[in-house]
Amino acid sequence: MRTSLQIELVDAEGALMRLIGLVERRGFTILTLDKSETSGSQFTVTMTLEARDDARNMDVLARQVARLLDVRTIFTRDAHNQIAPEIAAQAAADPDRWSQACPPRY
Amino acid sequence: MTALPASEIADTATSAAARPSPRQTGAHAVVRTLETLGVTRVFGYPGGAIMPVYDALTGSSLQHILVRHEQAAAFAADAQARLTGRAGVCLATSGPGATNLLTGIANAYLDSVPMIILTGQVPSGLMGTDAFQEVDVFGMSMPVVKHSIIIRDPMKIPEMIAKAFKIAESGRPGPVLIDLPKDVLQAEAYPTLPPEPRPEAGSSHPPESDLVAATTLLAQSRRPVFYIGGGVTLGGAVEAVRAFMARTGIPTVATLKGLGCADPDSETFLGMLGMHGGRAANVAVDESDLLICCGARFDDRATGRLDSFAPGARIIHIDGDAAEIDKLRRAEVGLAGDITAILAGITNEWLDIADWRDACIERKKRHAFRYDAPGSGVYAPAMLKQLSEAAGDDFIAACDVGQHQMWVAQHCRFARPEHHLTSAGLGAMGYGLPAGIGAAMTRPDAKVVTITGDGSIMMNIQELATARRYGVPVKILLLDNASLGLVRQWQEYFFDQNFSEIDLYDNPDFAEVAHAFGIEAFTVHSREEVPAAIDRLLSARGPILAHVLIDPRENVWPLVPPGASNADMMEN
């Protein structure tokens with residue numbers, strides 16, 4: 001299954017390499033990748049991903065991406081390439097981000 | 001960042017600046033920042049690119065421990081961090097110094113240990129040119145660090161080091177690497193130091209509705225099991241876990257890193273689960289209808305075949321790190337945040353599990369480990385049990401990796417989880433001796449015992465020199481079966497007894513090796529010598545090594561075969 005993520009990152013040394021490495025290591029293939037020009041101190045990466053096997057979970061990947069210190073926000077994109085509701089807000093160094101990135105479900 | 005005049009630097013600096021040198025450099029800023037942040041000890045090894053820091057160390061208040069291999073610096077810093085909860089610090093030069101640290105960094109990453117790694121780097125202008133001793137340690141370490149930084153501006157040294165400590169110690173802890181180009185270290189710099197002490201980690205609380213959902217699942221359960229892991233310690237929730245166990249009476253199992261979280265004398269604590277877990281623990285999980293996973297991550301060593309792990313159980317997953325929820329097993333209720341607050345928020349007034357609890361306790365008694373092995377040779381599990389009982393609540397074990405590591409987990413008693421220092425996630429042979437040195441320097445009042453094997457100790461045996469140099473009161477129990485025992489055991493059962501490259505018949509005489517390093521040592525040949533050996537080991541005031549000869553045919557039991565369910569464990 002293909003999914004698109006849009007990720008806003010701080011323009012820090014190694015931020016893009018860290019993001020790409022994590023996505024690959026966690027079992028996803030990057031099909032397309034677009035990086036915006038840096039605006040202010042941030043830039044945006046949009047990537048289309050495909051899981052290498054059925055056991056990979058996009059929500060879990062999003063939370064793993066949210067742990068990166070350079071990541072500010074993550075959005076999914078729907079089939080029409082429109083930005084869907086945020087799934088991992090405020091990925092700054094804030095302890096509360098863990099719970100924000102973990103929606104309740106029962 | 002405000003530049004200070006040199007006169008003010010001299011007034012505020014307590015150490016490095018005491019040397020009669022008015023010129024302050026980036027390296028001085030590194031040392032003074034560490035001092036300001038409360039660091040008292042660093043483990044390291046000097047070399048070309050990091051030499052400016054070593055120059056600035058002279059006269060500082062930092063105690064530098066000179067190890068004999070950079071990997072040992074990382075392992076020793078790791079052990080100190082596990083015992084204190086504050087980041088351990090290690091440093092090395094660029095190139096081989098940095099690459100030698102990588103195993104230790106990976107070890108800290110996989111076990112979520114806060115650590116600061118300072119690496120020298122070739123001058124900025126030479127970076128990317130394949131210069132002498134240049135490797136991209138910033139890139140190489142990315143998969144095994146929580147974060148990493150290259151400091152390009154000497155004026156930012158205090159700010160970035162303080163930030164690194166905050167990152168390493170907050171949330172889910174982990175290692176942070178700081179790469180320091182030599183020109184940055186040598187540049188004249190007068191940055192202000194970070195004004196604040198290191199902050200405490202914050203906490204977060206899940207919504208009330210999630211706690212209600214967890215309480216509802218618990219009320220519906222008749223066979224709950226509490227499954228605890230290393231995240232309990234990281235979340236500062238040991239007391240909360242013990243209170244939850246006492247309040248609910250739920251049978252409890254622990255991962256390798258979760259050992260010591262439960263009161264070791266609790267009758268509802270069933271022991272370690274997983275590949276070398278006890279029958280009582282694995283069967284309880286297999287029969288459970290609700291698994292309350294707390295600070296654990298469904299690691300393959302704990303679960304065995306994942307699709308048959310706790311097959312009839314619904315899952316409540318509690319963790320400080322939301323990225324662990326649903327990673328390997330879908331949870332009916334995922335609770336990410338402060339573990340203490342979460343456990344306190346789950347009520348159990350409708351819980352009725354007396355029959356289940358009694359059945360689990362009865363099974364624990366029925367399948368308790370036996371120590372009446374035949375023969376007169378040393379039976380390692382019995383010796384380890386006697387050792388930990390003799391040492392009491394101050395027993396701290398720094399394990400190496402192999403059969404002895406599993407015997408320690410099965411047979412030793414730990415009053416606190418941080419007293420069980422073990423390379424759990426990475427399984428790095430060579431951890432035990434440097435970790436024991438780091439632990440004994442951190443807790444000289446405790447009974448710190450490195451428990452190692454004849455395979456593992458040879459991976460960092462040079463650190464006997466470190467133990468000798470600093471008179472570290474580390475006690476080394478070397479269980480020598482003249483082979484790579486755990487590999488041999490697997491070859492015996494899963495590779496048709498094709499014993500390939502596991503025979504260490506030509507080991508040196510380890511007691512003589514220790515003597516050559518100037519360390520007290522003796523050899524134990526038989527079971528009757530064990531009580532005296534334990535007494536001698538525990539009463540030694542300096543480093544000491546007990547070389548214990550054991551039967552090479554001895555195996556670790558139970559054992560869950562690869563690819564099997566935990567319920568299908570093999571027993572002796």
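Sequence lines set the chain letters: A, B, ... in the order given, protein chains first and strands last, and positions in each chain run from 1.
With sequence neighbours excluded, no residue satisfies side-chain contact (heavy atoms from CB on, under 4.5 Å) with Glu37(A).
Counting non-hydrogen atoms of neighbouring residues, nucleotides and ligands closer than 6.0 angstrom, the CG atom of Asp307(B) exceeds 12 such neighbours. Around CZ of Arg305(B), the count of heavy atoms belonging to other residues, nucleotides or ligands within 6.0 Å does not exceed 12.
In this structure, the side chains of Asn57(A) and Lys327(B) stay at 4.5 Å or more apart for every pair of heavy atoms. Residues Asp326(B) and Asp59(A) fail the side-chain proximity criterion, which asks for heavy atoms closer than 4.5 Å.
Listed for the Arg63(A) side chain is a donor-acceptor partner under 3.5 Å among the backbone atoms of Ile325(B).
Closest approach of Met17(A) to Gly139(B), counting heavy atoms only: CE-CA, 4.0 Å. When all heavy atoms are compared, the tightest approach of Leu69(A) to Lys146(B) is CD2-O, 4.2 Å.
Among residue pairs with one or both ends in residues 11-34 of chain A, those qualifying as salt bridge (Lys or Arg N to Asp or Glu O under 4.0 Å) are Glu13(A)-Arg152(B), Arg18(A)-Asp70(A), Glu24(A)-Arg52(A); sequence neighbours excluded.
Proximity to chain A involves both the backbone and the side chain of Ser148(B), based on heavy atoms less than 4.5 angstrom apart.
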